[in-house]
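Have a look at the structure below before the remarks.
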Amino acid sequence: MEIFFAINNGYTDKLCVCLVSLLRNNKNKPIHIYVMSSDLDEANRQKLQKIIRRFPGTKFDVIVPDMNKFKQLKLNIDYISIETYFRYLIAELLPNSEKALYLDADLVVNGSLESLWNTPLDGYYVAGVKDGYIEEKGYKTQIGLKENDLYINAGVLLLNLSKIRQDNKVAQLFEATEGLQGKITFQDQDVINIVFNGQIKELDSIYNFMVRNVKKERGKRKSAIVIHYNGRKKPWSKECRHKLKNVWQKYADKTSRILERPLKVGLIIDEFFGGAGTAFGGYGFLARKYICRYIPDDDIQIDVLLGKNKKKWFKVQKYHEDEVDLYRLPKCGFFAKRWLKKQDYDIYLSIELVSNFVLEHEPDKSKQLILWIQDPRPLSAWQNEIGTMQAIKDPCFFRAETYKTVHTWAQEGRVRFVTQGNCLIPLAMELYDLPLDTPVKFLPNPIEIDFDFKFDINKKKKQVIFLGRLEAQKRAWIYCEIAKRMPEYEFYVLGGFFRFAEENKKMLAPYMDGQIKNLHFMGHVDGEEKQKFLEESRIMVNTAIWEGIPISWLEVLSYGTAVVSAVERENLAGRFGGCVGDILGDGSDGVDKFIPVIRELMENDELYSQKAKAAIEYIRQTHNIERFTKDLREEIYRACA
C-alpha cells in the first residue's frame with residue numbers, strides 16, 4: 001500500500017497518532033508511507049522515523065513539493081493550511097504506480113485497510129465516501145454540480161493514478177482551483193469533486209466515518225475502519241465532545257509511550273557469563289556478549305531478569321554489569337508481581353526459558369514472550385540419549401512446569417518463537433507440546449567475526465582443539481583418548497570446570513597428569529589467546545552426547561577450523577568437517593570413529609581447504625552481528641507493535 005499524508009510542521013504529533021493507529025492495525029502488510037510537507041524540521045522528522053522504526057517492513061519518505069506550484073492558490077478555511085493542495089501532485093510523484101491512498105492526518109485507522117486498498121477502480125478517477133454534510137446543505141448546485149451528483153469528502157481518497165495521468169487531470173486540478181477562486185467554499189475538496197465528477201466511486205462510510213456519520217449511523221460506530229475527526233473541534237482539544245474521542249485517545253496514549261520512553265525488554269536468563277555471580281554458560285555468553293551488547297540503543301532498553309532472589313522474600317537484588325541492570329526478583333510472589341507491574345516491560349525475551357517464575361508473576365495477561373530456541377531438550381532426549389551415560393552424569397534439569405507455562409502462553413498467542421536452526425524446531429515442539437506447524441522465525445546466532453582474517457592453509461597447524469566447559473555431557477575423556485591414539489598431532493583442551501567441578505575433575509584426572517605428551521589442558525581461554533588457537537588450529541573435535549548448535553562451532557568455523565562431531569546439527573559438521581555418527585553412553589567404544597575422519601582432514605589438504613573456505617563464507621554471510629542486530633531488533637518491534 002502506498003499511502004500519502006500532507007502536513008505542516010505543527011501537525012506532526014497528530015500524524016504520529018494516525019501512523020500508530022494505521023500501522024498497528026495493518027501489521028505484516030507492505031506499506032510505504034509518504035509525508036508531503038514544505039517545512040518539516042529535523043526533530044519532527046526524527047519523531048516520524050521513530051514511529052516507523054517500530055513497525056518493521058514499513059517504508060518511509062518525506063517529500064518536499066515545489067511551492068511555486070501553489071503560490072497562486074488561495075485558502076478560505078482558517079484551520080486548513082496550504083498543504084491541503086499537495087494531494088493534487090500524487091499522480092506525478094508516483095509516475096510508475098497505478099494507485100495510491102491519501103489520508104488526512106486528523107483521523108485514526110481502527111482496522112485493516114486491505115479491503116479498501118483492493119477496491120476496483122476501473123473507469124474511476126477516485127473512490128471516496130459521500131460527504132453527508134454537503135448532501136444536506138444543498139451546496140452542490142452552487143458549484144455547478146447536480147443534486148444527484150456524488151460529492152465525496154477528500155479526507156480519504158483512493159486514487160487511480162494511471163487514469164489521472166492518462167487524462168491529464170493534475171493540470172486540470174490546478175487550473176480549476178485558480179479559475180474557481182471566490183466561487184467555491186471547500187477549496188481542494190470542491191475542486192476534486194468538480195474535476196472528477198461522473199467518475200467517482202462511492203465507498204462505504206466505514207472508510208471515512210466523519211462527525212456526521214457518528215451521529216447518523218450509530219450502528220456502524222464499532223465497525224468503522226477509518227474514523228475521521230473532521231471539522232473545527234478535534235479530539236485533542238478540551239471542548240471536543242466527539243462520541244469516538246476515546247478511540248483517538250487510545251492511540252495517542254500508545255504514541256506517547258513510543259515517543260517518550262524506550263521499549264523495555266525483560267531478558268529472562270539464569271546466567272550472565274559470570275556477571276552477578278552467575279555461571280559461564282552458552283546462554284549467558286549469548287546474553288552478555290551479544291544481546292545486551294548490541295541490541296540496546298536509544299529506542300530499546302534491556303534489563304536482565306535472573307529469576308527469584310532465593311534469600312530475600314520482599315526485596316529486589318540489583319546488579320549492574322556492562323552498562324546493563326540485572327535483577328533478582330523478590331522470593332515472595334506478591335512482591336514480585338508488584339515489582340513487575342511497576343517495571344511494565346513491553347516484551348519478554350528468553351533463551352530456552354529455564355524458569356517460569358517471572359512469567360507466572362507477570363500481572364498483565366497480554367504481555368508477549370520471544371522465546372529463542374537454542375537447545376531444546378525434551379524428555380525423550382534425557383531418557384534415550386543423555387541418560388545413557390553411566391560413569392558420570394549431569395543432573396537432569398527437565399522442568400515440566402516451565403515448559404507447561406510456555407505451552408499455555410503459546411496457546412494464548414503470546415509466544416513468538418525464533419531459532420538459529422530448523423533442526424531444533426521438532427525438538428522444541430515436542431518439549432512444549434505444540435503442533436509442528438507452529439510458526440518459528442530464523443534468527444542467526446551472532447559471533448564476533450574477524451573479517452580481516454585471510455585463510456592460508458600454510459598457517460594452519462596440524463593441531464586439534466576441544467572448546468567448551470568440562471562437564472559430563474561434553475565427555476572430554478573421549479577427546480583425551482583420541483589424543484592418546486594420535487600422538488602425531490597436538491591436542492589442546494580449551495575450557496574450565498564450572499558446575500559439579502569436583503566430580504568432573506575426578507573423571508578427567510587420569511588424563512591431566514602429563515603422561516599424554518601431546519595433550520595440553522589450557523583452562524578457560526578468551527581474548528587474543530583464544531583467537532590465536534582458532535586461527536592456527538585445523539580441527540575442533542566435539543565429543544558431547546548432546547548439543548544444540550554451539551556458539552563454539554560457529555566461532556571455529558569462522559576461522560576455517562573444521563568441526564568433527566558425533567552430534568550433527570544443521571549439517572554443519574557434515575558440510576564443514578565430519579560427522580562420525582551417534583555415540584551413546586560414556587562413548588569409550590566410539591573413539592575409533594573419530595580417528596579416520598580427523599586423519600583425512602589433517603592429511604587431505606584439498607578436502608580440508610574446500611571445507612574451510614566454505615565454512616568461512618557461510619559464517620560471514622549468516623552469523624554476522626549486523627544481521628543478528630537488525631533481525632532481533634525487528635522481531636522485538638514486531639512483537640510490541
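Just so you know, residue 1 is the first one in the sequence shown, and it goes up from there.
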#### Entry: side-chain hydrogen bond (donor to acceptor under 3.5 Å, both in side chains) partner of Asn309, chosen from Lys331, Lys315, Arg328, Gln317
Gln317

### Query
Counting only heavy atoms not in Lys367, do more than 12 sit closer than 6.0 Å to its NZ atom?
yes

### Message
Could you check whether Tyr492 and Phe466 have their ring centres less than 6.0 Å apart?
### Response
no

### Task
Decide, yes or no, whether a salt bridge links Asp297 with Arg633 under the criterion of side-chain N to carboxylate O below 4.0 Å.
yes

### Query
Got a sec: does the NZ of Lys532 have more than 12 other heavy atoms crowding it under 6.0 Å?
no

### Short N-O contact, Asp364 and Arg414, less than 4.0 angstrom
no

#### Entry: Pair Phe497 + His524: ring centers closer than 6.0 Å
no

### Message
If we count only N and O atoms by modelled type, under 3.5 Å, do the side chains of Glu321 and Tyr319 hold a donor and an acceptor together?
### Response
no

### Query
Any ring-ring contact (aromatic ring centres under 6.0 Å, His included) pairs touching residues 251-279, not counting sequence neighbours?
Phe273-Phe280, Phe273-Phe285

### Gap between atom OG of Ser355 and atom CG of Asp270 - 0.5 Å precision
8.0 Å

### Summary
CG (Leu554) and CG (Leu572) are apart, to the nearest 0.5 Å, by 6.5 Å

### Query
Can a salt bridge be assigned to the pair Asp298 and Arg53 using a cut-off of 4.0 Å between side-chain N and carboxylate O?
no

### Task
Go through the steps to decide whether Glu412 and Lys365 satisfy the test salt bridge (Lys or Arg N to Asp or Glu O under 4.0 Å), and finish with yes or no.
CA-CA 10 Å; Glu412 295 171 350; Lys365 300 306 179 184; over 6 Å; no

### Message
For Lys404, is there an ion pair with Asp433 - N to carboxylate O distance below 4.0 angstrom?
### Response
no

### Query
Are Phe417 and Trp372 close enough that their ring centres sit under 6.0 Å apart?
no

### Query
Does the side chain of His623 come under 3.5 Å of the side chain of Asn445 through a donor N or O and an acceptor N or O?
no

### Task
Answer with yes or no whether the side chains of Trp236 and Asp13 bring together a donor and an acceptor at under 3.5 Å.
no

### Task
Heavy atoms only: give me the nearest Ser565-Ala573 pair and the separation to one decimal.
CB-CB, 4.3 Å

### Task
Compute the ring centroids of Tyr479 and Phe491, then answer whether they are less than 6.0 Å apart.
yes

## Note on the structure
The side-chain contact (heavy atoms from CB on, under 4.5 Å) partner of Ile268 among Leu371, Leu359, Val304, Leu349 is Leu359

### Query
Is it true that Asp346 and Arg261 have a side-chain N and a carboxylate O under 4.0 angstrom from each other?
yes

### Task
Using a strict 4.0 Å threshold on nitrogen-to-oxygen distance, state whether Glu271 and Arg288 make a salt bridge.
no

### Query
Are the ring centres of Trp553 and Phe576 closer than 6.0 Å?
no

### Message
Can you tell whether the side chains of Lys506 and Glu502 come within less than 4.0 Å, N to carboxylate O?
### Response
no

### Task
Would you check, one step at a time, whether the test side-chain contact (heavy atoms from CB on, under 4.5 Å) holds for Arg377 with Phe397?
CA-CA 9 Å; Arg377 301 186 184 190; Phe397 50 83; 3.6 Å; yes

### Task
Only one of Glu535, Glu536, Glu555 passes salt bridge (Lys or Arg N to Asp or Glu O under 4.0 Å) with Lys530; say which it is.
Glu555

#### Entry: Lys342 bridged to Asp344 by N-O distance under 4.0 Å
no

### Message
Between Gln463 and Tyr489, is there a side-chain donor-acceptor contact under 3.5 Å, judged purely by atom types and distance?
### Response
no

### Query
Aromatic rings Tyr290 and Tyr294: how do their planes relate, parallel, tilted or perpendicular, breaks at 30° and 60°?
parallel

### Message
Here's one to test your reading of the geometry: is the NZ or CZ of Lys264 within 45 degrees of the ring axis of Tyr345 and under 6.0 Å from its centre?
### Response
yes

### Query
Can you find a side-chain donor-acceptor pair between Glu481 and Tyr511 that sits under 3.5 Å?
yes

### Message
One thing to verify: whether Lys630 and Glu634 come together as a salt bridge, which I'm taking to mean a side-chain N less than 4.0 angstrom from a carboxylate O.
### Response
yes

### Task
May I ask you to check whether Phe357 and His361 place their ring centers less than 6.0 Å from one another?
yes

### Query
Under 3.5 Å, side chain of Arg416 to main-chain N/O of Ile370, donor-acceptor pair present?
no

#### Entry: Note: Arg569-Glu547 ion pair, threshold 4.0 Å (strictly below)
no

### Query
Does a salt bridge link Arg293 with Glu448, judged by any charged N lying under 4.0 Å from a carboxylate O?
yes

### Query
Below 4.0 angstrom, N of the basic side chain to O of the carboxylate: do Glu490 and Lys461 qualify?
no

### Task
Give the C-alpha distance, both sets of side-chain angles, the deciding distance and a yes or no for side-chain contact (heavy atoms from CB on, under 4.5 Å) between Asp303 and Val265.
CA-CA 6 Å; Asp303 291 349; Val265 179; over 6 Å; no

### Task
Quick one: do Thr388 and Ile545 satisfy side-chain contact (heavy atoms from CB on, under 4.5 Å)? Show the steps, please.
CA-CA 9 Å; Thr388 63; Ile545 194 169; 3.6 Å; yes

